[in-house]
Every structure is written in C-alpha cells, then in structure tokens.
Amino acid sequence: MSRLATSFVLGYHGCDKDIAEKAVLEGADILQSDRDYDWLGPGAYFWESDPHRAHEWAHWKKERGDYKNPAVIGAVIDLRHCLDLTNRKDVKLLRSAHDSFINVQKQTDFPILENKNPGSSENGDRVLRFLDCAVFRHLHTMAEKDPDFSSYDTVRGMFVEGDPVFSGSGIFEKSHIQIAVRNTKCIKGIFFPPNLE
C-alpha cells in the first residue's frame with residue numbers, strides 16, 4: 001500500500017448485539033469470515049467510514065433471520081501491509097494472481113469458479129464472489145510461500161452497488177469501500193458508534 005496516505009482508518013462492522021457486546025465490553029475477537037464467496041477473501045469485514053451502511057446490513061441480516069438484535073461496532077484499523085485495490089499496482093498484482101490461478105486450475109483439471117447472482121440480488125449483481133475469493137486465497141498462498149514477501153494484513157476494495165443516485169448517473173447509492181482484516185493485530189481499538197437509529 002502506498003504510504004502517501006495515512007494508514008489508519010475507521011471501519012464499521014455489522015453483527016448481532018451479543019457479538020458486539022463481547023467484542024467491545026469483553027475484548028473478544030471480531031468474527032473472521034471464511035466463506036467461499038467472500039468478496040475480498042477471508043477476514044473480518046468492515047465498511048470504511050460508513051456506520052450507516054453497516055447498520056443497514058445488520059438489519060438486512062435480521063430480516064433474513066440471521067441476527068436477533070442487529071448492532072454495529074466501530075474499529076480503528078491500521079491497514080499496515082495492505083492489498084489496496086484502489087491502487088493500480090495492487091490491481092495489477094491481483095490480475096497476475098488470477099492468471100496464475102487459472103493456469104493451476106487448468107493444469108490440475110479443477111473447475112474454474114465463477115461469481116454468481118443468487119437470484120435475490122438487486123440489479124443482477126453477482127454477490128456470490130466464488131472466483132474473486134479463490135483468486136484472493138491463491139494470491140495469499142503465493143505471498144506466504146515467497147520468502148521475500150510479507151503476507152497481507154488487510155485487503156481494501158471499492159464496490160459499486162445499488163441503483164444510480166439519479167437517472168443517468170455513474171454514482172450508485174450503495175457503493176462503498178470494504179476492508180477485510182486478515183491480521184487481528186491491525187484492529188487497534190473498538191467502540192460502539194453513536195446515533196445510528
């Protein structure tokens with residue numbers, strides 16, 4: 001990650017109230033997501049600078065029956081060694097990891113995964129990111145095997161989501177930056193954000 005910008009950001013995580021209270025009041029680790037369709041690969045997920053988006057997401061999870069009492073926690077995150085997909089150099093690295101992943105899949109006769117739309121996704125977005133997640137996992141494996149390279153602590157990406165803000169706009173109402181924290185030592189402090197109702 002370029003050090004031309006500060007490496008500390010505020011991130012917000014939607015979760016169930018029990019998990020939020022254990023994290024903030026008892027110091028429990030924030031749950032790491034490790035599903036095969038995670039957008040940025042494995043990690044604890046945060047919306048950068050947007051507690052309201054985390055709040056919307058937590059309430060959406062309640063509507064689905066996943067959460068009983070939706071909540072949001074904030075975190076001070078040190079991005080440290082960050083794979084920052086708003087940076088062209090890191091996007092180029094991800095493209096190289098994709099090419100390597102495809103070659104490995106073809107050589108081993110394993111299937112090439114695809115991102116998919118679950119059918120309930122607004123605007124037909126392929127929110128089940130099986131291919132993306134597999135490429136991130138492949139990239140992390142390559143980095144861990146290279147003695148001259150440090151593993152990534154965080155992954156940061158911009159996602160375009162939702163409907164256009166107005167007719168003809170290239171700006172979309174739910175676009176956001178997400179951070180997947182792979183190294184929990186990057187979380188320097190957690191708190192309950194005020195005034196989310």
Side-chain angles (χ1 to χ4, degrees), residues 1 5 9-17 19-20 30-75 77 79 82-95 97-98 112-137 139 154-182 191-197:
M1 173 180 165
V9 297
L10 291 180
Y12 297 91
H13 178 82
C15 57
D16 196 77
K17 186 177 179 182
I19 292 170
I30 295 172
L31 294 177
Q32 297 276 317
S33 184
D34 194 13
R35 296 171 300 208
D36 289 339
Y37 55 85
D38 286 330
W39 297 29
L40 297 172
Y45 275 72
F46 294 86
W47 276 275
E48 184 177 318
S49 304
D50 195 349
H52 296 287
R53 183 67 182 102
H55 184 258
E56 288 173 359
W57 187 83
H59 281 271
W60 173 76
K61 292 285 277 183
K62 178 183 178 183
E63 290 171 13
R64 289 174 33 126
D66 297 330
Y67 293 166
K68 186 175 179 182
N69 296 305
V72 174
I73 54 178
I77 301 167
L79 295 176
C82 179
L83 178 64
D84 187 347
L85 302 175
T86 66
N87 173 312
R88 285 189 219 173
K89 181 180 174 186
D90 288 354
V91 170
K92 185 176 179 182
L93 179 64
L94 185 64
R95 184 178 293 123
H98 171 264
I112 296 173
L113 302 172
E114 296 180 2
N115 294 334
K116 296 185 177 183
N117 176 352
S120 60
S121 173
E122 295 176 12
N123 304 317
D125 190 7
R126 293 175 290 169
V127 296
L128 299 177
R129 305 288 177 107
F130 296 106
L131 175 61
D132 293 350
C133 187
V135 171
F136 281 112
R137 288 176 195 262
L139 186 150
T154 58
V155 180
R156 181 174 182 258
M158 170 71 189
F159 296 95
V160 175
E161 187 179 10
D163 294 321
V165 175
F166 51 85
S167 179
S169 177
I171 300 167
F172 294 79
E173 62 184 10
K174 291 185 180 179
S175 292
H176 59 276
I177 294 175
Q178 272 192 310
I179 300 165
V181 176
R182 295 170 36 84
F191 57 92
F192 287 118
N195 305 323
L196 280 180
E197 293 302 324

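The basis for the numbers below is simple: all heavy atoms, side chains too, and nothing from hydrogens, waters or symmetry mates.
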Mutual orientation of the aromatic rings belonging to Phe46 and His13 [parallel < 30°, tilted 30-60°, perpendicular > 60°]: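 Because their plane-to-plane angle lies in the 30° to 60° range, the rings of Phe46 and His13 count as tilted.
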Does the side chain of [Y] come within less than 4.5 Å of [X]'s, by heavy atoms?
X      : Y      : answer
Pro70  : His55  : no
Trp57  : His176 : no
Gln178 : Tyr45  : yes
Pro164 : Phe166 : no
Asp36  : Leu113 : no
Ile73  : Phe192 : yes
Lys68  : Lys17  : no
Leu10  : Phe191 : yes

Looking at every non-hydrogen atom in both residues, tell me the closest pair between [X] and [Y] and how far apart they are.
X      : Y      : result
Val155 : Leu40  : O-CD1, 3.7 Å
Ala71  : Ala58  : O-CB, 3.6 Å
Leu94  : Val135 : CD1-CG1, 3.7 Å
Ala44  : Ile30  : CB-CG2, 4.1 Å
Ala180 : Gly41  : CB-O, 4.5 Å
Asp16  : Asn69  : OD1-N, 3.0 Å

Quick check for you: to the nearest 0.5 Å, what is the distance between [X] atom [atom1] and [Y] atom [atom2]?
X      : Y      : atom1 : atom2 : result
Ile179 : Trp47  : CD1   : CH2   : 12.0 Å
Lys61  : Asp66  : NZ    : CG    : 4.0 Å
Thr86  : Ile177 : OG1   : CD1   : 6.5 Å
Cys82  : Asn87  : SG    : CG    : 9.0 Å
Trp39  : Cys133 : CH2   : SG    : 13.0 Å
Leu93  : Leu139 : CG    : CG    : 5.0 Å

Residue pairs fulfilling salt bridge (charged side-chain N to carboxylate O under 4.0 Å, His left out) with at least one residue in residues 38-49, sequence neighbours excluded: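 Qualifying pairs: Arg35-Asp38, Glu48-Arg156.
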Donor-acceptor contact below 3.5 Å, side chain Asn115 vs main chain Phe130: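 The answer is yes, because a donor-acceptor pair under 3.5 Å joins these two groups.
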Carboxylate-amine/guanidinium contact Lys89 Asp84, below 4.0 Å: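 Salt bridge absent between Lys89 and Asp84.
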Electrostatic pair Arg137-Asp34, nearest N-O below 4.0 angstrom: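 Looking at Asp34 together with Arg137, the answer is yes, because their closest N to O distance falls below 4.0 Å.
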Heavy atoms from other residues, nucleotides or ligands near CD of Gln32 exceed 12 (cutoff 6.0 Å):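 Atom CD in Gln32 is crowded, with more than 12 foreign heavy atoms closer than 6.0 Å.
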Qualifying residues under ring-ring contact (aromatic ring centres under 6.0 Å, His included), relative to Phe136, sequence neighbours excluded: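 Not a single residue meets the ring-ring contact (aromatic ring centres under 6.0 Å, His included) criterion with Phe136.
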